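The structure displayed is predicted, hence computed values, not measured ones.
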Amino acid sequence: MATPEEAVTHDIVIVGGGLVGASLGCALAPLIERNSLRVAVIEAAALPSADAPPTWQPSFDARASAIAEGSAQHFRRLGVWEAMRQEAAPIKRIHISERGRFGATRLSAADVGIEALGHVIPNAWMGRVLHHHLAGLPLEWHCPARVETISPVAEGHRLSLSDGSELTGALTVLADGGRSGLKEQLGIESDHAPYEQTALIANVAVSQPHQGVAYERFTREGPIALLPLPGNAMELVWTHPAGAEKARMALSEGDFLHALQAAFGDRAGRFTHVGSRHAYPLTLTTAKEPVRPGLAVLGNAAHALHPVAGQGFNLALRGVMDLVDTLGASLAAGQTPGAMAMLEDFERCRERDRANVIRFSDGLVRLFGIDLPLLGHARAAGLIGLNLAGPLRRSLARRAMGIER
C-alpha cells in the first residue's frame, strides 16, 4: 500500500514535450476524455505559446524531418495533418545510388498508387501544430521544468521537479531524448554501438527544381542524403568519419559548396547556397529495458538510429500510437495505466518493428561502408536488380513509407 506521499497524483506523466512527447499527448486525447485520465507533461525547455494559432516564419536554416506516409496517416488520426501539410514538401521519388559505380534504385509514389511516399516538414512547424492542438486538451504542464529525481514506488514512479512539484504517475513515459540522465537514475542500461561517424546537417539551395526527389548517395566517406524542402531548398545530411567534419564546418560557403558538389555529383543540379551547419556524432543506441512496471521509454530515449534511412521519428511515432492503442485496450479491461501486463503487450507489439528498422538502417550503413572492389560491383548489381524487380521495389517503397512492417 502506498504511503500518502506515494499516492498517485497522475495516471500518466510524460517526461519530454518535444515531438514524441507532444505526439503522445495528442494521441491520448480520446482516452483522457473516455477515462478521465490525469495527464502531466514535463518539458525542460520553454516552448512557444501554445494557446495562439500556429504561425510560421520560414527560415532557410530550419531543421526538418522526413515524415513517411504511414506517419502522415497517424497524424491524420490525431487531427493535425491538415495543419502540418501547410509547410510540407512531398517526397514523390527516392533515388538511391553509390558514388563512382553504375546502378541505382528508384522508388516512386506512382509505384504504389499514391501521391507521395512521405513529406519533409520543418521540426519547428510540427512542434507548433502539435502544441496548438495540445492547448485544447486538459493536460497539466510543467514547463520549463526538469525532473531532478525519479524513483519507483508502490503505485508507479515519484518525480521531483525543479519547479518544486512532486508528482507520482501510475505510468511514466520517458520521451526526453535520453539526454536527461533519468534512465541512468533508474539503472536502465543501453547498448551503444558508435559508428565513428558524424552527421553534418544543413539546408542547401539547388539550381534546379528538385521535383520532390529525395536522394540517398553512398560515398567512400559515408552516405549523403538530400531531402526536398519548399522551393529549391533541400535538407542535407552529410555523413563524415568522426573528426573529418571539423574541416568542412570551417570552410567558407564557396569552398563548402564545391566540396559537396565533388562528393555528391550533379544529379540534383548545382549547389548555390548553404545555411547554418550543425554536426552530430552518430551512435546506434538501444535501451535494454524499454518497459518496466509503470514505465515506458519512447523515441530517442529508447532507440537512436543512424539517419541514413530517415526512420528515427517515424519509428518513434509508431511506438506512440501502439502504446496508446495497447493502453486503451488495457483500460477497457479494467487494468491500471502502468500495469506490467499492458506494458509487456506493448513491448511484444513493438519489438519486431524496432528490430527490423534497426537491422535495415544499420545494415545499409555497414554494407556501403565496406570498400572492397568485388563487393562494390555486387552492390551496384543489387541496385540495378532491385530497380528492375517491380514487386520488390514496391515492397521496399511500402516499407520506406512505414505502412509495411
Side-chain angles (χ1 to χ4, degrees), residues 11-35 37 39 41 65-85 88 117-119 121 123 126-127 129-131 133-134 136-137 139 171-177 287 290-291 295-303 305 309-333 335 337-339 341-358 398-405:
D11 297 293
I12 301 172
V13 175
I14 303 171
V15 182
L19 294 182
V20 175
S23 296
L24 176 59
C26 291
L28 286 170
L31 298 185
I32 292 173
E33 181 178 359
R34 186 182 312 140
N35 299 279
L37 297 179
V39 180
V41 183
S65 293
I67 302 302
E69 174 57 24
S71 295
Q73 292 177 9
H74 289 317
F75 282 138
R76 290 186 185 97
R77 174 179 162 187
L78 301 187
V80 298
W81 179 244
E82 289 306 312
M84 281 196 179
R85 70 184 304 175
L117 293 168
H119 296 77
I121 310 176
N123 290 351
M126 282 199 291
V129 170
L130 289 168
H131 284 101
H133 193 76
L134 288 174
L137 302 180
L139 302 174
L171 172 62
T172 298
V173 180
L174 300 185
D176 58 353
V291 297
L295 185 78
V297 186
L298 294 182
N300 279 354
H303 41 69
L305 312 182
Q311 289 299 309
F313 178 69
N314 297 292
L315 179 65
L317 185 58
R318 293 198 294 275
V320 165
M321 304 306 289
D322 283 348
L323 177 61
V324 172
D325 287 343
T326 310
L327 178 60
S330 174
L331 292 172
Q335 295 181 345
M342 180 276 292
L343 291 165
E344 288 174 338
D345 286 345
F346 164 67
E347 173 56 16
R348 279 192 292 270
C349 180
R350 294 304 310 141
E351 58 185 352
R352 180 180 177 185
D353 182 30
R354 181 175 61 243
N356 284 342
V357 170
I358 290 174
R398 292 177 63 82
R399 188 173 294 274
M401 292 159 55
I403 58 177
E404 181 177 294
R405 303 186 187 182

Could you check F313 against N300 for side-chain contact (heavy atoms from CB on, under 4.5 Å), going step by step and ending with a plain yes or no?
CA-CA 8 Å; F313 178 69; N300 279 354; over 6 Å; no
Are side-chain heavy atoms of M84 and R76 found at a separation under 4.5 Å?
no
Step-by-step side-chain contact (heavy atoms from CB on, under 4.5 Å) determination, V41 to L24:
CA-CA 10 Å; V41 183; L24 176 59; over 6 Å; no
Does H119 have any ring pair (Phe, Tyr, Trp, His ring centres under 6.0 Å) partners at least two apart in sequence or in another chain, and if so, which?
W81
What is the minimum heavy-atom distance between H133 and C26, and which atoms define it?
CD2-SG, 3.6 Å
Compare all side-chain heavy atoms of L317 with those of I67 and state whether any distance is below 4.5 angstrom.
no
Give, for atom CG of L139 and atom CD1 of I32, the distance between the pair rounded to the nearest 0.5 Å.
4.5 Å
F75 and V129, any side-chain heavy atoms less than 4.5 Å apart
no
Could you grab the distance from atom CD of E69 to atom NE2 of H74, nearest 0.5 Å is fine?
10.5 Å
Return the set of residues passing side-chain contact (heavy atoms from CB on, under 4.5 Å) with N35 (not counting sequence neighbours), or none when no residue passes.
L31, L37, L331
Looking only at non-hydrogen atoms, find the nearest pair between L323 and A296 and report the distance.
CD2-CB, 4.5 Å
Verify the distance criterion only: is there a donor paired with an acceptor across the side chains of T326 and D345 at less than 3.5 Å?
no
Taking all non-hydrogen atoms of both residues, which atom of V320 and which atom of A27 are closest, and how far apart?
CG1-CB, 4.2 Å
Do D325 and F346 touch side chain to side chain, with heavy atoms closer than 4.5 Å?
no
At their closest point, which heavy atom of D322 faces which heavy atom of C349, and how far apart are they?
OD2-SG, 3.4 Å
Test side-chain contact (heavy atoms from CB on, under 4.5 Å) applied to V357 and H303, R352, R318, the passing residue:
R318
Residue pairs involving residues 13-27 (criterion side chain to side chain donor-acceptor pair (under 3.5 Å); sequence neighbours excluded):
none
Please give me the minimum heavy-atom distance between A301 and A287, naming the atom from each residue.
O-CB, 4.0 Å
Does H131 reach the main-chain N or O of G17 with its side chain, forming a donor-acceptor pair under 3.5 Å?
yes
Side-chain heavy-atom pair L28, I14 within 4.5 angstrom cut-off:
yes
I need the R348 CZ to E344 CD distance, nearest 0.5 Å.
6.0 Å
Crowding at CD, E33 (>12 non-hydrogen neighbours, <6.0 Å):
no
Can you tell me how far apart CD (Q311) and CG (D353) are? Round to the nearest 0.5 Å.
9.0 Å
Side-chain heavy atoms of L327 within contact of I12, under 4.5 Å:
yes
Work out which heavy atom in G319 is nearest to a heavy atom in R350; give both atom names and the distance.
CA-NE, 3.5 Å
Rounded to the nearest 0.5 Å, what's the gap from CG on L174 to CG on L295? Could you check?
5.0 Å
For R85, is there an ion pair with E82 - N to carboxylate O distance below 4.0 angstrom?
yes
